[in-house]
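Please read all numbers here as calculations on a predicted model, not as lab measurements. Start at 1 and go down the list; that is how both ligands and their atoms are numbered.
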Amino acid sequence: MTTTPSIRRRGLAAAILGAALALPMSAAAQSPIIVKFSHVVAEKTPKGMGALKFKELAEQKLPGKVQVQVFPSSQLFGDAKELEAVLLGDVQLIAPSLSKFDRYTKKIQVFDLPFLFDDIGAVDAFQASPAGKGLLTSMTNRGLTGLAYWHNGMKQLSTDKDQLKRPEDVKGLKFRIQASDVLEAQFRALGANPQKMAFSEVYQALQTGVVDGQENTWSNIYSQKFHEVQKTIAETNHGVIDYMVVTNTKWWDGLPADVRKGLSEAMAEATAYSNKLAEDINQDDKKKIEAAGKAKIQKLGKDDVAAWRKAMEPVWKKFEGDIGRDLIEAALKSNK
Ligand code: LMR
């Protein structure tokens, strides 16, 4: 049977359309390339501001070539789904807290060891060291490439009780934790009951008494209004909440070289911007919490801090094998 040229053309067009619908469009074929950046915190936080800065810079550097869409506050994907969404190509950038990667690599758990870092300066130094930078590519075999570390800050402990000074004050209490086995062990070492829970559910869980307490940065406590549903926040600085901005390795490697270069530059500049702001945002939010007068801020003496440190110590031994002694040593060297 013979076909006319127009039928042949129509057949070809249908085949091309069919193929285009069946395959996810490669980034290079899109114009402009859409970069979806999903995260779980509010906009006026270090991560929220960093994401908006990245959008501004990327679109400035790659006019007409790239459009960045930022989705804050778990609008698009929450904790449970955002890593999967990057791997499926539903979003291109996310910045989970370093506590949320333990399904992909045990190494990044180093950041969760209690009282490992003296302050955010030490965290920064470790992230900039060869060992710290090496962790950015520790998940490429799982399809995830780390582009940068972003700071939030040091964690404080809060509960709905009046007394929160010593480890014995949290015995038997229920705490919301991020999805991290190290954090689970940390609260068990304190004789408390940890519950893994997505960030977007914490306020309600605190308000309704599903949990008694949680641990977070001043910025997250203030922007989520946790201080309105907690009685005491102890200034423990016992750990860190920082982020790794990650992308889908295949998508990133498949970008046109000029686009990848522009996005890398935008990321480096947005990182410097956000990391410079982070400590100020946290200190400002601490003041706002104080001024709000809802939760009391409990200052701790040297002896109190030493008691928390001692109570959480067993966690290190438990995870040393998974994390590696060399990495722990490298992190410890960052303390001045
Ligand atoms: C949390 O779940 O408490 C934090 O990791 C949220 C965030 O992204 O800062």
Of all the atoms in ligand 1, which lie at a distance below 4.0 Å from a heavy atom belonging to V41? 7 (C), 8 (O), 9 (O)

What atoms of ligand 1 come closer than 4.0 angstrom to any heavy atom of S97? 5 (O)

Which residues share a side chain to side chain donor-acceptor pair (under 3.5 Å) with K61, sequence neighbours left out: E269

Can you sort out which atoms of ligand 1 are near N220, meaning under 4.0 Å from one of its heavy atoms? 4 (C), 6 (C), 7 (C), 9 (O)

Counting neighbours of NZ on K250 that are heavy atoms of other residues, nucleotides or ligands and sit closer than 6.0 Å, is the number greater than 12? no

Considering only non-hydrogen protein atoms, determine which one is nearest to atom 9 (O) of ligand 1 and report residue, atom name and distance to 0.1 Å. Y243 OH, 2.5 Å

How about D284 and W218: do any of their side-chain heavy atoms sit closer than 4.5 Å? no

How does N216 reach ligand 1, if at all, at less than 4.0 Å between non-hydrogen atoms: by side chain, backbone, both, or neither? side chain

Contact partition for T217 relative to ligand 1, non-hydrogen atoms under 4.0 Å: neither

Taking only residues two or more places apart in sequence, or in another chain, which ones meet Q163 in a side chain to side chain donor-acceptor pair (under 3.5 Å)? none

Where ligand 1 meets K100 - atom numbers and elements under 4.0 angstrom, heavy-atom basis: 1 (C), 2 (O), 4 (C), 5 (O), 6 (C)

For E215, is the nearest heavy atom under 4.0 Å from an atom of ligand 1? no

Using the side-chain contact (heavy atoms from CB on, under 4.5 Å) rule, pick out the option among L263, L57, V35 that qualifies with L62. L263

Rounded to the nearest 0.5 Å, how far apart are CD1 of I241 and OG of S99? 6.0 Å

Out of R176, Q214, K47, whose heavy atom is nearest to atom 3 (O) of ligand 1? R176

State whether E313 and R309 are salt-bridged, where the test is any N-O pair (Lys NZ or Arg NE/NH1/NH2 against Asp/Glu carboxylate O) under 4.0 Å. no

min-distance protein heavy atom vs atom 5 (O) of ligand 1 -> Q178 OE1, 2.7 Å

